[in-house]
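Take a look at the structure set out below.
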Amino acid sequence: MPGRGLTLLSLDGGGVRGLSSLHILKHLMERIKDEKGLAEEPKPCEYFDMIGGTSTGGLIAIMLGHLRMSVNECIRAYLRLTQRVFTPIRSKYVSLGFSRHLGDVVSRFDSAALEEIVKRIIRDASLDPDALFYDEDRASQCKVFVCALQSEIATPVLLTNYKSKRSDSDRRESVKIWQAARATSAASGFFDAQEIEMSAGYVETYTDGATGYNNPIRQLWTEARDVFLPPGERLEGHLDAIISIGTGTPALQAFGTNLKDIATALVRIATETDNTANHFQREYKELDRDGLYCRLSVANGLQDIGLEDHQEANKIMAATKAYLDHPDTVSKLTKCLERMSQHECEVDYR
């Protein structure tokens with residue numbers, strides 16, 4: 001029954017184009033505020049029961065869900081992060097992600113700078129920068145997971161702030177908030193891999209989760225079913241809304257002739273993201289029909305914006321606003337908001 005079910009949020013990866021995701025979410029929160037007659041926008045952590053994200057989406061999921069930031073606070077922090085972090089540190093010979101002589105993948109951007117600014121964001125949220133990601137108190141309001149790739153076995157994993165079947169006790173006792181943020185965003189060729197020493201004494205190495213689950217909608221579906229429902233219960237009967245927000249469709253082209261491996265991976269990621277969205281919509285077409293599932297991602301205008309093009313913020317904004325104003329998007333949002341507006345927020349601002 002609407003008002004008693006779950007609201008879930010899935011956030012794709014996409015580098016600086018995550019700004020588009022945030023503005024789509026801001027639009028949603030503004031519409032919910034108006035529909036429910038609230039005095040101010042609800043924070044996503046007060047509205048969504050679970051938020052899952054990958055790479056950029058993972059960073060945003062942590063900021064919104066675990067650090068309990070408003071969308072506006074997250075946008076400001078995200079802009080500072082992209083401007084500070086996406087400044088190349090390598091020479092012209094490796095600025096495209098490879099060394100001059102050997103063709104080995106190296107990191108183009110400063111991983112230490114990313115760690116520093118993530119810790120600053122955590123501190124600004126009045127938390128210890130070295131606090132563990134697993135936190136039952138914060139998870140009781142909004143459960144958060146991020147996707148990462150465990151390098152040793154090239155297997156996608158979930159790092160969670162709650163107890164999950166897919167996150168063992170070693171990770172719960174070891175992974176810090178900033179490490180989870182670094183692990184999900186450690187894109188090959190962009191940032192160094194993140195090593196995390198486990199409580200038992202061994203080390204796990206993580207890289208960007210985009211190569212496994214760049215669109216984490218299925219992981220969100222599985223986690224929500226396993227965490228919130230008893231065995232055998234179907235999630236379909238317990239939903240108010242499941243929202244999947246993308247970062248636009250990137251151009252399917254290579255960076256350059258010496259980046260074949262990375263370019264091929266990025267094309268595969270972009271294709272997988274759209275395919276996952278399409279397959280999920282076909283499999284659960286009744287959710288889409290009833291306005292319970294909504295996939296939002298800018299169709300045109302972001303194709304030429306790279307993962308690191310932070311100077312294109314104005315272009316990202318313009319393309320996102322045009323997308324939100326399009327009649328097809330307005331119609332989709334209207335149907336979904338009819339269900340979303342009936343959800344009981346954690347905090348009522350009236």
Side-chain angles (χ1 to χ4, degrees), residues 9-32 34 41 44 51 53-61 63-64 70-87 185 187 190 210 214-217 243-255 263 266-278 281 288 293-337 340:
L9 177 63
S10 172
L11 298 167
D12 289 10
V16 298
R17 294 195 308 271
L19 184 60
S20 175
S21 300
L22 281 168
H23 280 283
I24 290 172
L25 186 58
K26 176 176 172 58
H27 182 79
L28 276 172
M29 294 292 102
E30 288 175 345
R31 291 286 301 273
I32 290 168
D34 294 341
E41 295 172 31
I51 303 176
T54 298
S55 194
T56 285
L59 284 170
I60 294 172
M63 287 191 281
L64 294 175
S70 69
V71 180
N72 283 333
E73 289 171 335
C74 190
I75 288 172
R76 289 192 290 269
Y78 187 75
L79 285 171
R80 291 195 302 270
L81 184 149
T82 56
Q83 291 164 4
R84 171 70 177 85
V85 168
F86 286 115
T87 301
S185 57
F190 287 81
N214 199 48
N215 178 350
I217 184 66
I243 310 299
S244 173
I245 304 182
T247 58
T249 303
L252 301 182
Q253 59 189 23
F255 291 123
L266 290 179
V267 170
R268 185 174 66 250
I269 288 167
T271 304
E272 180 274 330
T273 299
D274 289 339
N275 286 343
T276 297
N278 293 334
Q281 185 168 352
D288 182 56
Y293 168 69
C294 189
R295 169 70 175 175
L296 300 165
S297 186
V298 175
N300 295 299
L302 302 182
Q303 290 91 334
D304 298 326
I305 297 176
L307 299 178
E308 76 282 18
D309 289 339
H310 64 85
Q311 70 276 10
E312 297 287 3
N314 292 339
K315 186 174 181 180
I316 293 171
M317 277 288 298
T320 305
K321 287 185 176 182
Y323 167 75
L324 290 170
D325 288 340
H326 193 279
D328 289 346
T329 309
V330 172
S331 176
K332 181 189 297 186
L333 279 170
T334 299
K335 183 168 67 173
C336 189
L337 281 161
M340 292 180 68

For the NZ atom on Lys335, are there more than 12 heavy atoms of other groups (residues, nucleotides or ligands in this structure) within a distance under 6.0 Å? yes
Quick one, [X] and [Y] - any side-chain contact, counting heavy atoms below 4.5 Å?
| X | Y | value |
| --- | --- | --- |
| Thr54 | Asn215 | no |
| Arg295 | Asp12 | yes |
| Leu324 | Leu333 | yes |
| Ile32 | Met29 | yes |
| Thr247 | Leu302 | no |
| Lys321 | His23 | no |
| Leu25 | Leu9 | yes |

Determine whether a donor-acceptor pair (N or O, by modelled atom type, separation under 3.5 Å) exists between the side chain of Ser331 and the backbone of Pro327. no
Return yes if some donor-acceptor pair links the side-chain N/O of Ser297 with the main-chain N/O of Ile245 below 3.5 Å, else return no. no
Heavy atoms only: give me the nearest [X]-[Y] pair and the separation to one decimal.
| X | Y | answer |
| --- | --- | --- |
| Ser70 | Leu64 | O-CD2, 3.8 Å |
| Tyr78 | Arg17 | OH-N, 4.5 Å |
| Val71 | Leu22 | CG1-O, 3.5 Å |
| Ala61 | Gly53 | CB-N, 4.1 Å |
| Thr329 | Tyr323 | OG1-O, 2.8 Å |
| Ala319 | Val298 | O-CG1, 4.0 Å |

Ile243 vs Met340, test: side-chain contact (heavy atoms from CB on, under 4.5 Å). Steps then yes/no. CA-CA 10 Å; Ile243 310 299; Met340 292 180 68; 3.6 Å; yes
Looking at CG of Asp288 and NZ of Lys332, how far apart are the two atoms once the value is rounded to the nearest 0.5 Å? 7.5 Å
Separation between OG of Ser185 and CD1 of Ile60, rounded to the nearest 0.5 Å: 11.5 Å
Could you walk me through whether Leu28 and Leu296 pass the side-chain contact (heavy atoms from CB on, under 4.5 Å) test, one step at a time? CA-CA 10 Å; Leu28 276 172; Leu296 300 165; 4.0 Å; yes
Can you check side-chain contact (heavy atoms from CB on, under 4.5 Å) on Thr56 and Ser21, steps first, answer last? CA-CA 10 Å; Thr56 285; Ser21 300; over 6 Å; no
